[in-house]
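Everything on this sheet refers to the single structure shown next.
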Amino acid sequence: MRVDRPTAGARPWEARDWAALLALLVVAVTLRVVFFTGFFGSDELTYTEAAYRILTGEWPSSNYIGSLRYGVNLPVAMFMKLFGVNEVAANLWSLLTSVGEVALVFMLGRMLWGARAGFLAGLTLAVLPLHVHFAGRMMADAPLAFFMTLSCMLFLVGEITRHRSWFLAAGLAAGAVFWIKQPVIVYLAIFGAYMLVRRRWDPGWLWMAAGALSMLGLNMVLMGAVTGDPWHVFKVGRTGVERFVDVGTQETSPWFYMRYLLLDVRHTWLLAFLGIGGAILLARKRVRSGTLTAGESLVLIWIGGLIGLFSLLVVSVNPVKLIFKQTNYILMFAAPLALLAGLVLSRLQGATFVVVMAVLVVGSVALSGLEQQAIQVFTANSKAAVRFAETMPMATIYATSNNVNAEVFSNLMKRKGAQTEQFKQLAELPGRAGESRSADKPAFLVVDLETIDWGNTGSPIKRLEDVPACWERKSQLQPLGLGLGRFVVQAMLGVADALPAALRVRAFAKLTALAGPRPAYVYDVAPTCSQ
């Protein structure tokens, strides 16, 4: 296959290009602020705690991999230093890298196929529900996707200009991927595949290897300074893989990503279908002319390589286990799919273009609202439980794992460290072995039916009927922290009401669960009453 060098990257920027980029950034920021998610109670506790400890001078030495992801924890600590310890500062790294990736996709699309394709590719990513959602989560996924995309863009610029400094910069960006999520560095295999497709060797590519290795070396130096062992992150990663092989229950199906891209499209909407359309256009070009530009080949290898690699990579031979999958990892595929989507959208004209864009944008915005609502419904009672505890500063609160995590996060934001002061897990309820609690300190039980089935290992309370009859129900918590996504749910309930009966019942069942959390009740834990 003959592959031509791209020339689009040489186009000078005009005022309309800058205007298009600005418009994309406004759309991206607006959606991510409107549908900001915030606290969930899972991995973001690890990242935020590690960042806070760095901020206070306690560099964490841990055997949990999340605490060692300095490509997340260091920037978050920096933003906390600049803007204070608060949820906005803790989330800025995710927000900025999410918006930044939209800009990268615009620039890449413009280099490959012109400003119209670049704008439509950037818009597709700007409104993508999963992309909007993880801009508001204090996680590693948005920074990871940003640096993967940055490395591909810098590599392409190096191919266009033949300047080795761009390859070096691409290597540094690839090295940043290692700092964020060490195992994902295997994605560099797509560049090896690209070299095979090009059927040539460029000594300038060694500068990319040098950049990546220098970042790896810096990470090992930091690891040695913090833990005393430069290889510590590798050992922790290996232990995690061994644990996954022995007892891991995570999803490993090779069809996992295909299912979420093509069937259960609540996270990606039309992205995969438009991406397939763009790939077909390039395939037709290849058949007709026998050529693809280097950039077009890179995009196809980028998306095909990543989906293939992270779907089929074998992490254990005995027993045979494929790499585990999660929906948040789909962000790694979003940029190349958006580029292909921008290509196919740029070919549409007239009424067809208007209809497709309306369906894409309206559907994406609605699903972004549902993404926010799903998380905030889950955490609304936990936030209310923390608020209740603040009105009872001397009380002990027995509550679900998510309720407890909400107090830990609240204490972090108050600069008290990652600790509980009032909350205890349900498994610690008094009376399990016949003992009763002290009467000189008030104690309450929160039965949060929304989060009762999440964690709570060893809990004696699984449903309301498990609460001792002599524990008086005091009140019902009023959910807190619901965002604008609730209005999306209300609008969709109105639309569902006009559907045929069979569809209406199914839609109502799904949407009603997102309208608000199940109730959470507060009980007085009587000192003279055992379970």
Side-chain angles (χ1 to χ4, degrees), residues 1-11 105-125 148-149 152-153 155-162 187 189-202 205 254-255 257-258 261-263 265 268-312 332-353 355-357 359-360:
M1 178 177 74
R2 193 170 97 249
V3 182
D4 293 339
R5 289 181 62 185
T7 58
R11 296 192 192 104
V105 165
F106 168 74
M107 290 186 280
L108 270 166
R110 180 184 173 278
M111 279 195 290
L112 293 171
W113 304 300
R116 176 179 166 87
F119 178 81
L120 293 170
L123 182 62
T124 300
L125 193 65
M148 292 175 73
T149 299
C152 290
M153 189 186 81
F155 180 86
L156 180 57
V157 175
E159 285 289 271
I160 294 169
T161 64
R162 294 291 192 266
Y187 92 100
I190 65 174
F191 296 101
Y194 173 83
M195 296 171 192
L196 292 175
V197 170
R198 291 301 307 271
R199 298 179 185 176
R200 71 177 181 86
W201 168 254
D202 185 340
W205 292 337
W255 308 111
Y257 294 125
M258 289 296 99
L261 287 169
L262 299 174
L263 298 176
V265 296
T268 57
W269 191 221
L270 303 182
L271 178 68
F273 303 102
L274 294 171
I276 291 171
I280 291 172
L281 285 179
L282 293 182
R284 290 174 60 186
K285 176 185 176 183
R286 168 69 178 86
V287 170
R288 287 197 306 267
S289 65
T291 65
L292 291 176
T293 67
E296 290 168 339
S297 294
L298 178 62
V299 171
L300 290 176
I301 294 167
W302 182 1
I303 184 56
L306 287 187
I307 291 181
L309 184 64
F310 290 105
S311 294
L312 302 175
M332 294 188 293
F333 317 140
L337 283 172
L339 285 167
L340 292 170
L343 172 62
V344 74
L345 289 170
S346 70
R347 303 295 178 86
L348 302 180
Q349 300 293 331
T352 302
F353 174 75
V355 170
V356 172
M357 289 305 300
V359 173
L360 173 65

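Every value quoted in this text rests on a predicted model; they were computed, and no experiment measured them.
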query = Nearest 0.5 Å, what's the CG-CD1 distance between Leu298 and Ile190?
reply = 6.5 Å
task = For the residue pair Arg286 and Glu296, establish whether any side-chain heavy-atom pair is separated by less than 4.5 Å.
result = no
query = Do you know which two heavy atoms are closest between Ala121 and Ala338, and how far apart they sit?
reply = CB-O, 3.3 Å
message = Distance check, rounded to the nearest 0.5 Å: Leu262 atom CG versus Leu271 atom CG?
response = 10.0 Å
ask   = At their closest point, which heavy atom of Ala117 faces which heavy atom of Gly109, and how far apart are they?
value = CB-O, 4.5 Å
ask   = Do the ring planes of Phe333 and Tyr257 sit parallel (below 30°), tilted (30 to 60°) or perpendicular (above 60°)?
value = perpendicular
message = Tell me if a side-chain donor or acceptor on Arg116 pairs with a main-chain N or O of Ser346 at a distance below 3.5 Å.
response = yes
message = Can you tell me how far apart CD1 (Ile307) and CG (Leu337) are? Round to the nearest 0.5 Å.
response = 5.5 Å
request  = Run the numbers on Trp269 and Val359 for side-chain contact (heavy atoms from CB on, under 4.5 Å), then give the verdict.
outcome  = CA-CA 10 Å; Trp269 191 221; Val359 173; 3.9 Å; yes
inquiry  = Suppose we screen for side-chain hydrogen bond (donor to acceptor under 3.5 Å, both in side chains). Which residues come up paired with Arg200, at least two apart in sequence or across chains?
reply    = Glu159
key: Pairwise distance CZ(Phe155) to CH2(Trp302) - rounded to 0.5 angstrom   = 12.0 Å
request  = Find out whether Leu360 and Leu274 are in side-chain contact, i.e. whether some heavy atom of one side chain is under 4.5 Å from a heavy atom of the other.
outcome  = yes
note = Heavy-atom closest pair (Val105 atom, Gly122 atom, distance to 0.1 Å) is CG1-N, 3.8 Å
inquiry  = Taking the side chain as everything from C-beta on, heavy atoms only, tell me whether Leu156 gets closer than 4.5 Å to Met153.
reply    = no
inquiry  = Using a 6.0 Å cut-off, check whether atom CZ of Arg288 has over 12 heavy atoms from anything other than its own residue.
reply    = yes
query = Are the side chains of Met148 and Tyr187 in touch, meaning some heavy atoms are under 4.5 Å apart?
reply = yes
task = Find the distance between CG (Leu340) and CG (Leu345) and round it off to the nearest 0.5 Å.
result = 11.0 Å
Heavy-atom pair with the smallest gap, counting every atom of Val344 and Gly278 = CB-N, 3.8 Å
query = Below 4.5 Å, heavy atoms only, C-beta onward: do Val299 and Leu108 meet side chain to side chain?
reply = no
key: Gap separating the NZ atom of Lys285 from the OG1 atom of Thr291, nearest 0.5 angstrom   = 5.5 Å
key: pair Leu281-Trp113: side-chain heavy atoms closer than 4.5 Å   = no
inquiry  = So, using side-chain hydrogen bond (donor to acceptor under 3.5 Å, both in side chains) as the criterion, who are the partners of Thr268 when residues are at least two apart?
reply    = none
message = Quick check: closest heavy atoms across Phe106 and Ala115, and the distance to 0.1 Å?
response = CE1-O, 4.1 Å
ask   = Less than 4.5 Å apart, any side-chain heavy atom of Cys152 and any of Phe191?
value = yes
Test item: Leu348 and Met357 side chains (from C-beta on) under 4.5 Å apart, heavy atoms = no
